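Just below is one structure, and these are the notes that go with it.
Here the structure is a predicted model, which is why all the values come from computation and not from measurement. In this chain, numbering begins with 1 at the start of the sequence shown. We use all heavy atoms of the structure for the numbers below, so side chains are in, but hydrogens, waters and symmetry mates are not.
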Amino acid sequence: MIYMLVGLMFGGAAFILGCAVYGKFKLKDNSMEKYERRALLLSAGTVASYATGILMKTEFLALLFFGICTLLECFAVLSVFFFVRQYIGVNKDLGIKKSIIYSAAIFDSAIMLINPFINFVFKAEPYYLESGIYVYRISDFMPIYTFHLIFLLIMGLLILIMLLSKMINAPGAYMIKYSTIFISLAVIATVSASHVYFRFMFDYSLLLYAAAAFFIFYYSLIYIPRGLMDRLLFFTVATMNDGIICIDADGKIVHSNKAAKDYCEADAVIMTLENQVKSWFIENIDGRTATRTWETQRRIEGIEHYYSIEYRRIFDSSLKYLGCFFLIHDKTEEYIKYHAEKYRATHDALTGLYNKDYFCEQASEMMDNNPEKDYYIIVTDVKNFKIVNDVFGVESGDNLLKKIADITSSVGGINCIYGRLTGDKFTICMQKEQFSEDEMLNAYSVLDSFIDNADFKIHIHIGVYEVTDRNIRVSLMCDRANLAIKTIKESYRSFVAYYDSRLRESFINEHRVISEFERAINEEQFRLYIQPQIFADGKIIGGEALVRWFHPEDGMIPPDKFIKIFERTGLISKLDKFIWELACMKLSYWTEMGLENSYISINISQKDFYLINVYDVIISLVKKYDISPKRLHLEITETAMMDNPQAQLELVARLRSEGFIVEIDDFGSGYSSLNMLKDFDADVLKIDMGFLQKTERQEKSHSILKMIITLAKLLNMEVITEGVETKNQVDFLAEYGCDIYQGYYFAKPMPVEDFEKDFLNVTVEI
């Protein structure tokens with residue numbers, strides 16, 4: 001009987017070991033296999049060492065193997081604990097608790113290994129059989145053995161509590177997954193506890209290890225995952241949004257879900273699954289087709305759905321035909337999302353018209369598809385749109401843009417492409433024969449009263465580009481139509497402008513002038529010219545600084561070809577600083593020549609006040625070249641003063657306090673007012689040449705000129721009159737009391753070297 005018990009134990013250990021080896025080679029891809037294999041190996045060692053201890057013929061060897069058994073039992077329970085944690089999905093780190101558990105296990109193992117030498121944990125005694133042969137069994141448990149029992153009890157309870165908690169909260173389909181392990185371990189724990197409590201001759205719980213190992217191994221790593229997978233697949237297929245129809249090798253439908261039935265029972269279709277499958281085979285599949293995908297639409301419960309249907313044949317590992325399936329993928333959400341994203345990518349969010357890129361793409365496509373048609377690219381622009389946002393609010397501005405979009409999309413009809421370029425600019429690509437200037441102006445005229453303010457009217461400017469070369473990018477065509485608008489941008493009378501080659505040449509020239517500016521500065525292509533200023537007594541001690549551009553290929557470029565461009569782009573400030581420095585260098589040179597009373601008048605542009613610190617620049621120049629401020633006259637236009645009166649007046653006052661002579665330039669050409677003269681403390685009033693030009697009312701012009709000179713005298717200001725071209729003009733200006741003359745009658749602007757040689761410090765006849 002005893003030998004049968006031992007044989008069963010060895011057989012059980014071998015079976016457990018076989019399970020571990022099988023799992024190692026057959027289930028190596030299972031993440032749980034290594035945790036279970038460790039527990040199985042330790043369990044097999046526990047059973048085998050206990051059976052070996054029974055057969056030993058000396059007490060020492062029996063104690064040794066029984067000690068090894070309890071040691072392995074301790075670590076087997078520990079391995080089962082970590083296996084269960086992984087099995088039920090507990091990933092929380094144990095922290096210091098893990099160290100405590102391992103310390104207890106090591107202590108328990110140590111006393112079991114020492115026990116054969118001093119017998120302080122348990123003893124072993126021989127058990128004689130009827131034949132006189134004896135075997136050993138464990139007897140007389142010492143108090144310290146209680147530590148081993150407590151360790152096993154705590155670990156066992158933790159394992160069972162974890163499994164029980166998971167069983168309570170798990171769905172029914174998962175119950176057997178956890179209950180199998182729970183019951184197996186609970187039975188072993190009960191029998192083992194009975195052995196200790198009732199002092200059984202042998203620990204019969206070890207006979208249950210093999211059965212428990214089989215249940216845990218089979219149900220946790222083989223049967224249960226497959227069974228759960230079947231159930232999961234069933235529920236997944238049943239609840240998935242995609243429809244599926246499975247067909248066996250005999251052509252019978254063996255499975256389908258609700259989504260597939262809904263597809264077949266769609267509005268205005270309503271057919272059985274069998275009829276639907278037959279229809280698919282007839283229309284889309286032949287006998288050689290292994291896979292096939294196509295798209296279709298169906299209306300279900302009044303909503304249009306978009307589907308892709310996938311057909312696929314199924315083969316086993318021997319390439320024998322098992323059946324096939326149809327997957328009905330409802331891509332409605334994807335379709336809607338795709339088209340929503342496409343709309344956002346191609347349309348303007350505020351107005352709903354095409355954005356610039358998509359407009360250009362569609363316009364180009366339309367013109368390519370209709371080569372026999374002539375087309376216009378039209379761009380519209382709101383005059384002073386910024387005022388609408390600033391004064392009436394962004395909401396009013398947005399509403400105005402929406403209204404313009406509505407008008408724009410209706411003026412050309414269905415054969416046009418409409419878009420919003422940016423900001424307040426809209427564009428149309430239409431056939432030339434459809435365009436009517438009057439109709440378009442009439443359509444936009446409703447915007448005149450869009451803003452509820454009688455003093456503010458909305459004006460739309462329209463630029464028209466005739467497409468003559470379709471190889472040009474549409475975006476460039478839009479730029480050219482917009483360039484036409486620039487020619488009427490400041491007009492309140494002209495509302496339509498057409499692009500022509502002259503505009504293009506002007507545009508190209510402007511960009512060329514801008515692009516070559518830096519090189520011209522660095523190579524000193526800009527040169528200082530002086531136009532002499534003659535005092536009433538004929539003396540010439542200074543003149544106005546002017547600039548000429550000597551281009552290496554084009555020769556001398558007159559100021560009217562580049563000054564306005566530089567003013568518009570802000571480059572004028574860099575040019576002014578360059579000319580100012582040349583003037584100061586020349587004044588310094590004249591000082592060395594002993595001409596300390598000489599002066600040069602420099603112009604300060606309107607943009608200079610915003611782009612540079614005028615005060616700091618001018619002060620630094622006179623200090624750098626060690627010249628007296630009174631020798632550098634500063635010409636400031638009245639227009640520049642009126643742009644920001646308070647700031648400019650303060651700046652002028654600071655400059656005059658430093659000793660600079662300040663001149664009001666071009667008086668009478670802009671916003672001339674007596675009020676400005678009252679506030680503007682200047683030293684010189686420079687009268688615009690327009691007063692000297694011939695008009696039908698010459699007498700009135702002379703009367704106004706006389707009045708201005710008289711007024712300047714009353715304000716203690718010297719008077720310079722520019723544009724003097726005849727002796728008669730000199731005579732009546734002298735009669736009126738003009739102090740200084742400047743004009744072609746005396747001399748044209750000239751290189752500073754010529755002025756220095758022929759005019760500086762010279763007296764001429766008046």
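Within the cation-pi definition used here (under 6.0 Å to the ring centroid, within 45° of the axis), R313 qualifies as a partner of Y321.
The closest side-chain heavy-atom distance from F83 to R38 is not below 4.5 Å. Side-chain contact between M112 and F122 is present, with heavy atoms from C-beta onward closer than 4.5 Å. Between V474 and F359, the closest side-chain pair of non-hydrogen atoms falls below 4.5 Å. For the pair Y307/I328, a side-chain contact is recorded, criterion being any heavy-atom separation below 4.5 Å from C-beta on. Proximity of E73 to H148: side-chain heavy atoms (C-beta onward) are separated by under 4.5 Å at one or more points. L40 is not listed as a side-chain neighbour of L17, based on a closest heavy-atom distance of 4.5 Å or more. Under the 4.5 Å side-chain criterion, counting only non-hydrogen atoms from C-beta, V121 is not in contact with F147. Looking only at side-chain heavy atoms (C-beta outward), C478 and L421 come within less than 4.5 Å of each other.
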Run the side chain to side chain contact (heavy atoms under 4.5 Å, CB included) test on I244 and F326 for me, step by step, so that the C-alpha distance in whole Å, both residues' side-chain angles and the decisive distance to 0.1 Å come before the verdict.
CA-CA 6 Å; I244 188 167; F326 290 92; over 6 Å; no

Can you list the steps and then say if I101 with M155 is a side chain to side chain contact (heavy atoms under 4.5 Å, CB included)?
CA-CA 9 Å; I101 291 172; M155 297 305 299; 4.2 Å; yes

How far apart are the C-alpha atoms of Y50 and F66, what are their side-chain angles, what is the distance that settles it, and do they pass the ring pair (Phe, Tyr, Trp, His ring centres under 6.0 Å) test?
CA-CA 6 Å; Y50 187 84; F66 286 144; 5.3 Å; yes

Verdict with reasoning, K331 to E333, per salt bridge (charged side-chain N to carboxylate O under 4.0 Å, His left out):
CA-CA 6 Å; K331 53 188 296 185; E333 290 187 10; over 6 Å; no

Does the pair Y311 and T293 meet the rule for a side chain to side chain contact (heavy atoms under 4.5 Å, CB included), with working shown?
CA-CA 6 Å; Y311 164 77; T293 302; over 6 Å; no

Take F281 and C324 through the side chain to side chain contact (heavy atoms under 4.5 Å, CB included) test and state the conclusion after the steps.
CA-CA 12 Å; F281 273 111; C324 62; 4.2 Å; yes

Please step through salt bridge (charged side-chain N to carboxylate O under 4.0 Å, His left out) for the pair D262 and K258, ending with a clear verdict.
CA-CA 6 Å; D262 289 342; K258 183 179 182 299; 2.9 Å; yes

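For the atom pair OH (Y263) and CD1 (I245), the distance works out to 9.0 Å, reported to the nearest 0.5 Å. Distance CD1/I68 to CG/L113: 7.0 Å, rounded to 0.5 Å. Atom-to-atom distance recorded for T70:OG1 and I111:CD1 is 8.0 Å, nearest 0.5 angstrom. In this structure, the separation between CD on E125 and CZ on R137 is 4.0 Å, given to the nearest 0.5 Å. Rounding to the nearest 0.5 angstrom, the gap separating the CE atom in M367 from the SG atom in C429 is 4.5 Å. Atom OG1 of T180 is separated from atom CE of M167 by 9.0 Å, given to the nearest 0.5 angstrom.
For the pair E59 and K123, the salt-bridge criterion is not met [side-chain N within less than 4.0 Å of a carboxylate O].
In I96, the CD1 atom is not crowded: 12 or fewer heavy atoms of neighbouring residues, nucleotides or ligands sit closer than 6.0 Å. Shown here is E341, whose CD atom has more than 12 heavy atoms of other residues, nucleotides or ligands within 6.0 Å. Annotation for Y134: atom OH counts as buried by contact number, over 12 foreign heavy atoms lying within 6.0 Å. The number of heavy atoms from other shown groups lying within 6.0 Å of NZ (K57) is above 12. Within a 6.0 Å radius of CD in Q297, more than 12 heavy atoms belonging to other residues, nucleotides or ligands are found. Atom OH of Y127 sits in a sparse spot, with 12 or fewer heavy atoms from other residues, nucleotides or ligands closer than 6.0 Å.
Residues forming a side-chain hydrogen bond (donor to acceptor under 3.5 Å, both in side chains) with T58 (at least two apart in sequence, or on another chain): none. In this view, Y335 and H339 satisfy the side-chain hydrogen bond (donor to acceptor under 3.5 Å, both in side chains) rule, not counting sequence neighbours.
Annotation for N389 and V394: closest pair OD1-CA, 3.6 Å, computed over non-hydrogen atoms.
Between the side chains of T272 and Q276, not a single donor N or O lies within less than 3.5 Å of an accepting N or O.
Using the six-membered ring where Trp is involved, Y102 and F82 have ring planes that are parallel, under 30° apart on the 30 and 60° scheme. By the 30° and 60° cut-offs, the orientation of the rings of Y204 relative to F202 is perpendicular. Note: W294 and W280 have perpendicular aromatic rings, judged against thresholds of 30 and 60 degrees for the angle between ring planes.
Residues F107 and F151 place their aromatic rings such that the two centres sit no closer than 6.0 Å.
Applying the salt bridge (Lys or Arg N to Asp or Glu O under 4.0 Å) rule to pairs touching residues 359-369 yields nothing, sequence neighbours excluded.
No donor-acceptor pair under 3.5 Å is formed between the side chain of S279 and the backbone N or O of N275.
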